[in-house]
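Every number for a ligand or one of its atoms is a count from 1 in the order of the listing. Side chains are part of it too, since the values below use all heavy atoms of this structure and drop only hydrogens, waters and symmetry mates. Small disclaimer: the values here were computed from a predicted structure and weren't measured.
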Amino acid sequence: MSGKLRWLWALVPLAGLHAETGADAWLRYAALDAAAARRYVNTLPPVVVVLGNSPVEQTAQRELIRGIRGMLGVTLRVSSTVPAEGAIVLGLDPAVRKAVPGTPAGNPLAEDGYALSLRTAGTARHLSIAGGSERGVLYGTFALLRKIALGEAMEALNEHSAPYAPVRWVNHWDNLDGTIERGYGGRSIFWDKGVVREDLSRVSEYGRLLASLGINGCSINNVNTDPRILTAEYLPQIARIAEAFRPWGVRLVLSVDFGSPQRVGGLATFDPLDAGVAAWWKAKTDELYRAVPDLAGLLLKADSEGRIGPSAYGRTHADAANVIARALKPHGGLFFYRGFVYDHHMDWRNLKNDRARAAYDNFNRLDGQFDDNVVIQIKHGPIDFQVREPASPLFGALEHTNQAIELQVTQEYFGQARQLVFLVPMWKEALDFDMQARGAGTPVKALVAGKVFQRPTGGFVGVSNVGLDANWLGNHMSQANLYGYGRLAWNPDLTSQQIAAEWTRLTFGNDPQVVQTIESLQLKSWRVFEDYTGPLGLQTLTDIVGNHYGVSVEASERNGWGQWHRSDEKGAGMDRTVATGTGYAGQYRPAVAKRYESLATCPDELLLFFHHVPYTHMLHSGKTVIQTLYDLHYDGAVSVEGYVNSWKLLKGRVDERRYAEVLAQLEYHAGQAQVWRDAVNNWFHRASGIADAKGRVGHQPGRIEAEAMTLEGYAETPVTPWEGGSGGKAVACQAAECSAATRFEGKAGWYTVRVQYFDQNNGNARYRVKVGEQVVDEWTASNWVPTQKIDSSSSTRRSVTGIALRPGDVIRVEGTPDGGEKAALDYLEVLPERP
Ligand code: GCV
């Protein structure tokens, strides 16, 4: 190294911050600082003994060695016997107790539960990791490693932990061709071009992440199921995935198509009450278990969004579920039947129709008719993972049926991993919501775990949809949702703050400023997102018939999908009351129903979910509905702008790669929040005709519409829907190169020039910004957003900071189209910078 380079090297701050891809997520096992590492090395026995031979226990031992090596820089010595001076002893509960002298007798551990304890006798020191099952041993090992990573004291270690519910699964909506429905982290880790991937190393790495959270089941194919999955050709392939998961204690689950007996079985019918159909399911299930002996179960979406189901023969969901459940029963398998059943061809003109009613209407009357190995998998709200929904009333209704809550980890309606939204606080609200199913004290979490009505099974399902991208979910921050889902599935009593803090420290390290900043961003992010995408119970005001990403306030209306919010010139909201509306409120137990039924007691954040009111309706907050909508959209956009500033303060404290990637994501996010702010506010402003009391809506300081600039080659084009473009219009380039120019007439000074342009996914247009003849910025619009159109989904902001402007300067944006992308522009904003 030359002398000069050596100097540069010495100046690199925090040299440990090498670039990270995010692939290790929260299992980085980053080296602790020397003093902390020494403390642990002095406390922990240097030897490890694993008492069992099972693959899962062997995995536990390997993981322990790996974690200790990474964090403490030492390698545990493997021994087959417990030496007198002590060891870390891993094994099943009674075996560990026998092997470690002086371990006190205690209650047997719950299945999958674990106990950690450190005992000292004379000079001997034993740390035991005892599991109620092989999986428990592995979970205990991960728990110990987490404690070390978080810097927890070991000296008085004595901890028992049991999972809150037996079912802690993830689902994947992966198609056999390798695409993922609603997946934002790349292609499938399981499938490629119609077959199971040759290289399943990523599946094994994923198994490790899941095991670290206590997840014990994983479905590997879309609930919109390709029936071929049950053909003989696929069974050996599926078995390979099961094999990759097995060392991590993750059991395989398959989604099935209800028409399979006919579609792949060659029967004339798939009627669940037909004896031949029952025999087919039995034979098929036996065949599956021969290929995958530890298959956890099967999953079905029926009679929903075009999927066939028992209605084809006038049979019930119980008939459908039981025929498959009975085939699974001898193998100990569970059958998950999705509660997401609704008619998407409803007549919107009928004010009594209501999609929110569907799950309860379909399943409540069948309570008690499902076999004991059937679980009804219920989305957390009655619609479909919207930004704000009440907890589904079905949780409080089923007394004789197993249930599980379905939470969506993948951010379908939450910015599709391009925006930062930590979903744990939202899930907590659903899980903690008291359904009053037996008087007070019956929160959703207890109902789904079968603790209220003493059901044999139940629990949690998270739609994860990770992909092959290095960071699994499309951005680093979204990993917190997978982590948070898993932690809640193990222990829903953890607080959002605990989970955010744990995840941040494991993922980004223990620097207090980093922890404080990221934790605070994550914790506020759901409410901020709600503020600018669908407050007061409107649900997410996105394009619900298209990509579920950009703004489209009316997309939900005048169609059969039933995500109506019924906003018009006079008011907004769905009347779901019993008195005058759809009666949905009456699906809750009386105490809850009463609260939602009345305008006086319905919480503001759900007002428009339950009531249709005029825009001038006064909220409990003392503000009108319309002014609240305006204000929240401004507050939301300001908050996201603040994310960027907070993140910038972490430069040098987070490794360069993740720092830069998150910064780019947050800058993009801030631009999108502004697009949403303007689109939603302009829509409600036009609909209501009521001015913003603060004079902001419709008046954007420093904004110059592209169509008002001097255009060469550019032509005006409408934006559809209109609210997605400023003034409802944009300009698109019709030549090989175009330009849009404006003359600056403000005061001389430092300015930020913001270019609002459209970055579709059908080309890589180029942009250049000039002041006079000087190029001050240029870039390629190569972001991947889910649209080929000039609309709010493709609307993107580029901020060019620190530009010295003088009156008379010409600011010119030059655009070069590429493919279908016409280098379109919406507006410029020229904003003075604070001195
Ligand atoms: C897998 C929503 C999603 C669909 C999904 C469906 C479901 O409608 O947009 O992609 O289909 O929910 O949960 O079955």
Query raised in the report: Is it the side chain, the backbone, both or neither of F385 that has a heavy atom closer than 4.0 Å to ligand 1?
Result: neither
**Report entry** Side-chain donor-acceptor contact under 3.5 Å, D361 with Q587
**Finding:** yes
Query - Considering all heavy atoms, the nearest H380-F395 contact - result: O-CE1, 3.6 Å
Query raised in the report: What are the atoms of ligand 1, with element, lying closer than 4.0 Å to any heavy atom of F340?
Result: 6 (C), 7 (C), 8 (O), 12 (O), 13 (O), 14 (O)
Query raised in the report: Looking only at N/O atoms, are W173 and ligand 1 under 3.5 Å apart anywhere?
Result: no
Requested in this report: Taking only heavy atoms of R182 into account, list the atoms of ligand 1 that are under 4.0 Å away from them.
Outcome: 3 (C), 4 (C), 9 (O), 10 (O)
Report summary line: Note: T542 and H548 closest approach over all heavy atoms is OG1-C, 3.2 Å
Report summary line: In ligand 1, the atoms that come under 4.0 Å of a heavy atom of N222 are 1 (C)
Query raised in the report: Can we say E389 and R576 salt-bridge, meaning some charged N sits less than 4.0 Å from an Asp/Glu carboxylate O?
Result: no
Query raised in the report: Which of the numbered atoms in ligand 1 are below 4.0 angstrom from a heavy atom of V223?
Result: 1 (C), 14 (O)
Report task. Using a strict cut-off of 4.0 Å, indicate which atoms of ligand 1 neighbour a heavy atom of H548. Result -> 9 (O)
Query raised in the report: R388 and E530: which non-hydrogen atoms are nearest, and at how many Å?
Result: NE-OE2, 2.7 Å
**Report entry** Minimum-distance pair of heavy atoms, taken over all atoms of P721 and S552
**Finding:** CG-OG, 3.4 Å
Query raised in the report: Is V463 in contact with ligand 1, taking contact as a heavy-atom separation below 4.0 Å?
Result: no
Query - Option set Q563, E406, K301, Q408, criterion heavy-atom distance to atom 14 (O) of ligand 1, minimum - result: K301
